[in-house]
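A quick write-up on the structure given underneath.
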Amino acid sequence: MNNRRAIQRTRVMRSAKILVPRNSPVIHCTVQDITNGGACLTLANTYGLPPTFELTFEHGRTRRFCRIIWRTSDRLGVTFEQTAAES
């Protein structure tokens, strides 16, 4: 597989949770690799996920707003976006 990334990602294999709006249940996933700008996530199924969501890991200490860049049936590539509060 060709690696077209400008920045090399760090492999982490940490459990995380996807938080989607509108009182949806939490979706458990694994952060496969990460940079300051994005991550690759593995989960049971990517069907029905909205294009943006919040990701929390490190037992809730870290929370990032994400936008999906690519997806397969069980993986997501996301970029970390700034929220209005961070601007």
message = Test of understanding: clusters of I, L, V, M, F, W, Y form through side-chain heavy atoms closer than 4.5 Å, transitively. Do Ile34 and Leu19 belong to the same one?
response = no
task = Enter the distance from Cys40:SG to Arg75:CZ here, rounded to the nearest 0.5 Å.
result = 4.0 Å
message = Can you tell me how far apart CD (Glu54) and CD (Glu81) are? Round to the nearest 0.5 Å.
response = 12.5 Å
inquiry  = Could you measure the distance from the CG atom of Leu49 to the SG atom of Cys29? Nearest 0.5 Å is fine.
reply    = 9.0 Å
key: Shared hydrophobic cluster for Ile69 and Leu43 (ILVMFWY, side-chain gaps under 4.5 Å)   = no
message = Ignoring hydrogens, what is the shortest heavy-atom contact between Leu41 and Leu55? Give both atom names and the distance.
response = CD2-CD2, 4.0 Å
key: Closest approach of Val26 to Lys17 (non-hydrogen atoms, all atoms of both residues)   = CG1-CB, 3.5 Å
task = Give the C-alpha distance, both sets of side-chain angles, the deciding distance and a yes or no for side-chain contact (heavy atoms from CB on, under 4.5 Å) between Phe53 and Ser24.
result = CA-CA 11 Å; Phe53 56 83; Ser24 296; over 6 Å; no
message = Check whether Phe80 forms a cation-pi arrangement with Arg64 (NZ or CZ under 6.0 Å from the six-membered ring centre, at most 45° off the ring normal).
response = yes
query = Where the side chain of Thr56 meets the backbone of Thr62, is there a donor-acceptor pair that is under 3.5 Å apart?
reply = yes
key: Among Thr52, Val78, Ile18, the one residue meeting side-chain contact (heavy atoms from CB on, under 4.5 Å) with Cys66   = Val78
task = Evaluate side-chain contact (heavy atoms from CB on, under 4.5 Å) for Arg63 paired with Phe57, printing each intermediate quantity in order.
result = CA-CA 7 Å; Arg63 201 166 178 157; Phe57 48 99; over 6 Å; no
task = Give a yes or no on whether Phe65 and Leu76 share a hydrophobic cluster (residues Ile, Leu, Val, Met, Phe, Trp, Tyr; joining criterion: side-chain heavy atoms under 4.5 Å apart).
result = no
note = Rounded to the nearest 0.5 angstrom, the CD-OG1 distance for Gln32 and Thr42 is 3.0 Å
key: CG (Asn45) with more than 12 external heavy atoms under 6.0 Å   = yes
